[in-house]
Amino acid sequence: MDARKAFDILWHLGLLREMHKTGLEGNNWLFFENWYTELTSKVKWKGELSHQIIEQQGVRQGGIWSPSAYKIFVNSLLTTFEENQIGATIGSNILWYSNCC
């Protein structure tokens with residue numbers, strides 16, 4: 001599993017689903033739904049702004065909450081790795097993935 005660009009490809013609807021599965025609900029869940037629904041960006045090039053681009057994936061770069069959002073999103077995958085003893089080896093060392101959150 002390559003997590004180098006994971007922040008850029010995190011799927012917003014998948015994140016909201018995982019947040020709900022962890023017990024986040026009510027106004028707290030609605031806050032994050034509103035935060036990630038129809039998230040838009042513009043590109044600035046030589047002083048000119050592009051049209052709005054609707055973003056459907058990726059966490060907010062530099063956001064304080066972004067690392068936690070990624071952990072919530074990937075946690076069920078890591079749990080599956082652990083339950084099925086799927087991992088990697090380096091030499092004779094077996095590295096099992098474990099629950100990150």
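The residues of the chain are indexed from 1 along the displayed sequence.
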Pairing residues for Phe32 by the ring pair (Phe, Tyr, Trp, His ring centres under 6.0 Å) criterion, not counting sequence neighbours: Trp35, Trp65
Ile53 atom CD1: more than 12 heavy-atom contacts under 6.0 Å: yes
Atom CG of Leu49 with >12 non-hydrogen neighbours under 6.0 angstrom: yes
Side chain to side chain, Leu15 and Met19, heavy atoms closer than 4.5 Å: yes
Over all atoms of both residues, closest heavy-atom pair of Gln52 and Lys42: CG-CE, 3.4 Å
Residues in side chain to side chain donor-acceptor pair (under 3.5 Å) contact with Lys21, at least two apart in sequence or another chain: Glu18
Spacing of Leu13 atom CG and Gln56 atom CD [to the nearest 0.5 Å]: 7.5 Å
Backbone of Leu16 reached by a side-chain donor or acceptor of Trp29 within 3.5 Å: yes
His12 side-chain N/O to Thr37 backbone N/O, donor-acceptor pair under 3.5 Å: no
